[in-house]
A.B. asks: 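What follows is a structure written as structure tokens; I'll ask about it next.
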Number of protein chains: 2
Amino acid sequence: MSIFSPSQYICFKLSRAMRKVQRYYEVNLAPLEITTVQFYVLSSLWETDGIKFKELAQKLSMDGATLTGILDRLERQEFVLRADDPEDRRSVLVFLAEKAKMYRDEFQCLAETLDNEIKHQFSSEDFAIFSRMLNQIGES
Amino acid sequence: MSIFSPSQYICFKLSRAMRKVQRYYEVNLAPLEITTVQFYVLSSLWETDGIKFKELAQKLSMDGATLTGILDRLERQEFVLRADDPEDRRSVLVFLAEKAKMYRDEFQCLAETLDNEIKHQFSSEDFAIFSRMLNQIGES
DNA sequence: CTCGATTTATTTGTATACAAACATTTTAAT
DNA sequence: ATTAAAATGTTTGTATACAAATAAATCGAG
């Protein structure tokens, strides 16, 4: 092997593509004063409000220690609330605050637009393969 | 739109897949006392030693501020050296240190193995499409 | 030549990401 | 019932990632 370019590695390609797409999201979500990852957390809560911390982390495939910090910031901005779980005192329930419910459509609409701009760069067949492979890797 | 799962977004799928693959790399590179991103920097230098800081950042599609920190750590571990550019006193040249040259084959071989384990989960046709799409997004 | 604009790398500050250690609570084996 | 083991969420420490501000050097219009 005589070529050592990092771009030969699938991991490098993945991380470079991910950073490009995430930066594109980040720039466009910035006026709404929210990060891409924070948007994913709200998306999960729009689907299931009042979910357990542990389940939320699992839905997001996210490390618990990471989620703790993200919830701290979302709570500080009054997008979410934490509450004790009456059934298990170790557990924490996470709820949407009014502000998150209010901006839901606006956030959702923007994210949809950003997503479509990526999608439309490719044929729907290729995109389907791409999406399936990302899921297979990500859910493994 | 009534479904708000974050997993509908391509950006989420990308970042989840990337984290899975990167963690897999990270765990396997850990015994060599190097991170995945640090490995990419060395890969670039194995291809072109003594490159300018600016060019290195471009090859890696990496923010300069990020690269500064990574080089600090690689320099502290004696994997690389920084030197003044005789042609432009603003510029910095980055060189491989002996340690990086010594471990080159070992690092390269392990990374090759990890990459193949991802690759072999898919048909070569699908993988080619996947790879091409990651490049198209990442190089945009 | 001169001085403002640009380029280059670093520093600072904030936000993920995750391992490891921790405190609290619950579970389960006896 | 008791207690060791397991589960849950937070804290701490390190490493990316990047915007914004900074310092130093070079460029370029006049």
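Throughout, protein chains are lettered first and strands after them, A, B, ... in sequence-line order, and every chain is numbered starting at 1.
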A.B. asks: Distance check needed: D/dG9 C1' versus A/Glu87 CD, whole Å only.
C.D. replies: 18 Å
A.B. asks: Look up atom NZ in B/Lys54 and atom CG in B/Asp85, then write down how far apart they are to the nearest 0.5 Å.
C.D. replies: 13.0 Å
A.B. asks: Whole angstrom is fine here: how far is it from CG in A/Leu56 over to P in D/dG9?
C.D. replies: 10 Å
A.B. asks: Where do A/Leu42 and A/Leu96 come nearest, in terms of heavy atoms and distance?
C.D. replies: CD2-CD2, 4.1 Å
A.B. asks: Under 6.0 Å between the ring centres of A/Phe39 and B/Tyr9?
C.D. replies: yes
A.B. asks: Taking B/Arg82's backbone N and O only, do any of them form a donor-acceptor pair with B/Glu75's side chain (distance below 3.5 Å, no angle check)?
C.D. replies: yes
A.B. asks: Pairs in or reaching into residues 110-132 of chain B: which pass ring-ring contact (aromatic ring centres under 6.0 Å, His included), with residues at least two apart or in two chains?
C.D. replies: A/Phe130-B/Phe130
A.B. asks: For the atom pair OG1 (A/Thr113) and CD1 (A/Ile118), what is the distance rounded to the nearest 0.5 Å?
C.D. replies: 12.0 Å
A.B. asks: Under 3.5 Å, which N/O atoms of the protein pair with N/O atoms of nucleotides 14-23 of chain C?
C.D. replies:
residue, atom, partner, partner atom, Å
C/dT16, OP1, A/Thr35, OG1, 2.8
C/dT16, OP2, A/Gln38, NE2, 3.0
C/dT16, OP2, A/Arg73, NE, 3.0
C/dT16, OP2, A/Arg73, NH2, 3.4
C/dT16, O5', A/Arg73, NH2, 3.3
C/dC18, OP1, B/Arg23, NH1, 2.2

A.B. asks: Output the rounded distance in Å from CG (A/Leu71) to P (D/dT8).
C.D. replies: 16 Å
A.B. asks: Between the main-chain N or O of A/Cys11 and the side-chain N or O of B/Gln22, is there a donor-acceptor pair closer than 3.5 Å?
C.D. replies: no
A.B. asks: How about B/Asp72: does its CG atom have over 12 heavy atoms from other parts shown lying under 6.0 Å from it?
C.D. replies: yes
A.B. asks: Would you tabulate the nitrogen or oxygen pairs shorter than 3.5 Å linking the protein to nucleotides 3-9 of chain C?
C.D. replies:
residue, atom, partner, partner atom, Å
C/dT7, O2, B/Arg90, NH1, 3.0
C/dT8, OP2, B/Lys54, NZ, 2.6
C/dA9, OP1, B/Ser91, OG, 3.4
C/dA9, OP1, B/Val92, N, 3.1
C/dA9, OP2, B/Lys54, N, 3.0

